[in-house]
Amino acid sequence: MNTQNPIFTEMAKCRDCYKCVRKCPVKAIQVVNDHAAIIPGRCVYCGNCVSACPVGAKKLRDDVSRVKLMLRQKEKVIVSLAPSFISEFKGIAPSKLIHAIKKLGFWAVSETALGAQEISKACVNEMEKSDTKLHISTACPTIVELVKRYHPEFISYLTPLTSPVIAHCKMLRKEFGEDIGIVLISPCIAKKLESDSSPNLLDVALTFDDLRSWFEEHGIDPEKESAKKTDVFVPVSSHDGALYPIDGGMAESIDYYSQNKETKYMAFSGIQFSRAALQGLENLELKNNLFIELLACKGGCINGPKSVQKDGTIFKRLCIADYAREPEATEVTTPDLVFSTTTNPDPVPIIEYDDSEIATALLRIGKSSVADEINCGGCGYDSCRKLAEALLEDRAEPSMCVSYMRNLAMNKANALIRSMPAGVALVDEHLSIIECNRKFAEIIGGDTLDIYDISPGMSGASLQKIAPELSNSFARGLEKEVHDMRKDVRIGNKLLRLTIFSIELDHIVGGVLQDITEPAVQREQIIQKAQEVIHKNVTTVQQIAFLLGENAAETEIMLDSLTSSFRMEPSNMGDSLMNEDSPNAH
């Protein structure tokens with residue numbers, strides 16, 4: 001048994017978008033430090049999170065290397081090919097696909113649909129001898145996990161039979177020996193659970209995606225393969241079992257073998273629809289058998305999470321219906337094989353929280369009243385109260401609440417703005433005030449301070465009406481990216497220093513306003529100017545010193561060169577004097 005979970009999260013890639021939480025039908029996701037991880041005890045392995053993850057952080061366990069090792073170790077390894085291969089590899093003859101698969105090293109290919117047919121017959125027998133009138137299919141492993149964990153009250157209604165792939169594995173081992181290797185290839189992720197729980201029957205489960213990648217690795221194009229006469233399904237081809245991958249296909253197959261025409265059949269696909277269909281079912285009084293076929297994927301296995309083909313469901317259904325055939329006279333006989341099994345409940349604990357606990361959790365995300373519960377779904381949960389429950393169970397973090405984080409950021413920004421000693425205002429593209437502090441209102445003067453006291457922050461107030469002298473500067477700040485545009489503006493008897501800075505081009509601009517006629521500001525301005533003068537003077541002195549030092553050095557070099565030209569060694573001087581006194585000197 002492989003101990004690694006079929007689905008896991010690559011934490012380095014997870015970008016706290018909560019899309020997996022939103023798409024998970026059972027909320028089997030735990031968010032810790034802004035990273036979303038699978039909770040194995042809650043997961044039903046539908047694969048929705050894998051399909052939904054926009055950055056590929058949700059990964060599927062790669063079992064291809066295990067298969068390659070098995071191909072080297074075992075003489076005969078057989079592929080159990082899921083019946084949805086018809087719609088997945090559309091237009092490719094089965095013989096060509098078989099040939100391509102065998103080129104990878106497999107000994108033979110068989111149809112999982114053979115096991116499906118045996119399960120259909122077993123379902124007929126089970127319904128005939130059972131005292132229970134209600135029967136729920138067990139062909140879909142995700143549905144079985146769903147009932148085990150979230151609807152254990154329906155465990156007794158599950159047909160006590162293995163899945164088609166496990167039935168097929170029993171058939172293959174009976175036919176070709178216990179020492180063969182069996183690899184399922186399907187569009188289903190949950191099938192990996194079956195290989196993990198029944199490794200003595202099903203060795204490994206791969207996906208169609210795995211198969212396509214493997215083909216590409218070896219440069220194999222099934223459509224271009226030349227099939228041989230030996231490229232056929234073993235031991236025989238399927239017939240009605242090929243209907244299983246479409247919703248209602250299992251019910252139709254069972255009906256082929258049933259003599260009881262009073263039995264009613266219903267089919268539902270998609271986890272949400274399946275759960276809704278189960279509501280109130282335990283109270284239903286039935287006179288005749290009712291068989292409920294449930295499939296986790298909408299439309300059936302043809303739309304499985306690892307189905308690469310994204311053609312319309314109608315087209316896929318037609319492909320399957322055209323391929324499936326009526327039961328033939330010659331079939332695989334399995335009189336001594338047993339397909340019965342027992343499904344044990346494994347319920348996820350349901351914790352009931354009282355109103356005070358929910359209220360406490362809601363306060364953690366800034367929800368103090370019903371009006372605050374906007375139920376936007378940005379966190380991935382359908383309501384704020386569902387998020388509160390997840391918080392209480394440590395499956396979520398307050399940072400998942402978009403409105404809470406937005407308000408938190410705004411509150412921090414507002415607190416910073418209000419605490420600044422200068423006047424600050426944020427203005428939108430309509431020159432309406434988004435937020436300003438009290439100091440801004442005080443500097444503007446007039447009725448502005450009264451307006452601020454009535455409506456702190458003055459959100460929505462028109463800057464053009466309150467301070468038309470400033471509006472042009474703010475407008476220019478909206479038009480182009482600026483970081484420190486300063487302008488002195490006079491309002492009444494005040495001289496104001498306005499500094500404009502861009503926040504979001506064309507949308508939001510900020511301004512800092514100082515009354516430079518105030519003594520404190522004047523002192524600050526004097527200090528600032530003094531510092532600027534000192535800095536300039538020091539820079540000038542440094543430059544002069546550098547130039548003087550450079551000139552002095554050059555002068556010293558020139559003088560040294562000049563004196564060196566006249567300076568001679570004593571021996572040379574003696575020779576020179578002797579030459580001057582000699583008779584031949586002239």
Side-chain angles (χ1 to χ4, degrees), residues 3-61 142 145-152 189-190 193 271-272 275 345-370 372-409 411-412:
T3 56
Q4 185 186 16
N5 289 318
I7 303 174
F8 62 95
T9 302
E10 189 174 330
M11 294 300 185
K13 286 188 174 182
C14 188
R15 292 291 181 268
D16 65 350
C17 67
Y18 314 130
K19 195 171 184 180
C20 57
V21 180
R22 192 156 39 251
K23 293 295 184 179
C24 179
V26 293
K27 300 298 180 271
I29 306 289
Q30 182 179 29
V31 177
V32 179
N33 296 327
D34 295 326
H35 293 94
I38 304 294
I39 306 174
R42 298 180 65 98
C43 185
V44 295
Y45 300 96
C46 61
N48 284 357
C49 60
V50 177
S51 303
C53 184
V55 295
K58 290 293 176 291
K59 298 287 187 181
L60 183 61
R61 187 182 73 207
T142 291
E145 291 297 308
L146 182 71
V147 174
K148 282 169 55 178
R149 298 184 187 279
Y150 297 95
H151 301 282
I189 290 174
L193 288 179
I271 291 180
Q272 299 294 3
R275 298 187 79 174
D346 185 19
V348 172
I350 299 175
I351 305 173
E352 298 290 341
Y353 297 101
D354 57 37
D355 290 341
S356 62
E357 290 175 306
I358 295 293
T360 301
L362 287 170
L363 282 175
R364 293 175 61 190
I365 52 176
K367 317 284 183 191
S368 57
S369 67
V370 176
D372 295 329
E373 300 174 32
I374 58 176
N375 303 321
C376 67
C379 61
Y381 288 90
D382 295 333
S383 67
C384 296
R385 296 181 74 84
K386 288 295 183 183
L387 174 59
E389 291 177 5
L391 287 170
L392 290 170
E393 296 173 9
D394 294 326
R395 290 187 286 114
E397 296 179 321
S399 60
M400 294 172 65
C401 180
V402 178
S403 61
Y404 168 70
M405 294 303 291
R406 184 186 295 114
N407 291 335
L408 184 63
N411 290 339
K412 288 181 177 179

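In what follows, every heavy atom counts, from backbone to side chain, and hydrogens, waters and symmetry copies are set aside.
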Identify, with sequence neighbours excluded, every residue that meets side-chain hydrogen bond (donor to acceptor under 3.5 Å, both in side chains) alongside Thr360.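 Scan of Thr360 (side-chain hydrogen bond (donor to acceptor under 3.5 Å, both in side chains), adjacent residues dropped) gives none.
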Passes side-chain contact (heavy atoms from CB on, under 4.5 Å), Arg385 versus Tyr353? Steps please. CA-CA 10 Å; Arg385 296 181 74 84; Tyr353 297 101; over 6 Å; no
[atom1]/[X] to [atom2]/[Y] distance, rounded to the nearest 0.5 angstrom?
| X | Y | atom1 | atom2 | value |
| --- | --- | --- | --- | --- |
| Arg406 | Asn411 | CZ | CG | 12.5 Å |
| Glu10 | Lys59 | CD | NZ | 5.0 Å |
| Leu391 | Leu363 | CG | CG | 11.5 Å |
| Ile29 | Ile38 | CD1 | CD1 | 3.5 Å |
| Lys19 | Cys49 | NZ | SG | 12.5 Å |
| Arg364 | Leu387 | CZ | CG | 9.5 Å |

Give a yes or no on whether the backbone of [Y] and the side-chain of [X] come within a donor-acceptor separation of less than 3.5 Å.
| X | Y | answer |
| --- | --- | --- |
| Glu397 | Asn33 | yes |
| Gln30 | Asp394 | yes |
| Tyr150 | Arg42 | yes |
| Arg61 | Gln4 | yes |

Please step through side-chain contact (heavy atoms from CB on, under 4.5 Å) for the pair Tyr45 and Asn5, ending with a clear verdict. CA-CA 10 Å; Tyr45 300 96; Asn5 289 318; 3.9 Å; yes
Contact between [X] and [Y] at the side-chain level, heavy atoms closer than 4.5 Å - yes or no?
| X | Y | result |
| --- | --- | --- |
| Cys376 | Ser403 | no |
| Ile39 | Arg395 | yes |
| Val26 | Arg275 | yes |
| Gln272 | Pro25 | yes |

Please report the C-alpha distance between Tyr381 and Met400 in whole Å, then the side-chain angles of each, then the deciding distance to 0.1 Å, and finally whether the side-chain contact (heavy atoms from CB on, under 4.5 Å) criterion is met. CA-CA 10 Å; Tyr381 288 90; Met400 294 172 65; 4.1 Å; yes
Search all heavy atoms of [X] against all heavy atoms of [Y] and return the closest pair with its distance.
| X | Y | result |
| --- | --- | --- |
| Pro6 | Leu60 | O-CD1, 3.2 Å |
| Ala37 | Met11 | CB-CE, 3.6 Å |
| Gly47 | Ile189 | CA-CD1, 3.7 Å |
| Leu362 | Cys384 | CD2-O, 3.6 Å |
| Cys43 | Arg149 | O-NE, 3.2 Å |
| Lys58 | Ala36 | NZ-O, 2.9 Å |

Quickly, which of Ile271, Val348, Leu193, Val147 forms a side chain to side chain contact (heavy atoms under 4.5 Å, CB included) with Val44? Name it, please.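 Going through Ile271, Val348, Leu193, Val147 one by one, the side chain to side chain contact (heavy atoms under 4.5 Å, CB included) with Val44 is satisfied by Ile271 alone.
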No-hydrogen, no-angle side-chain donor-acceptor test under 3.5 Å, Asp372 and Ser369: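 Side chains of Asp372 and Ser369: pair found under 3.5 Å.
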Could you go through the side-chain contact (heavy atoms from CB on, under 4.5 Å) check for Lys367 and Cys401 one step at a time? CA-CA 10 Å; Lys367 317 284 183 191; Cys401 180; 3.7 Å; yes
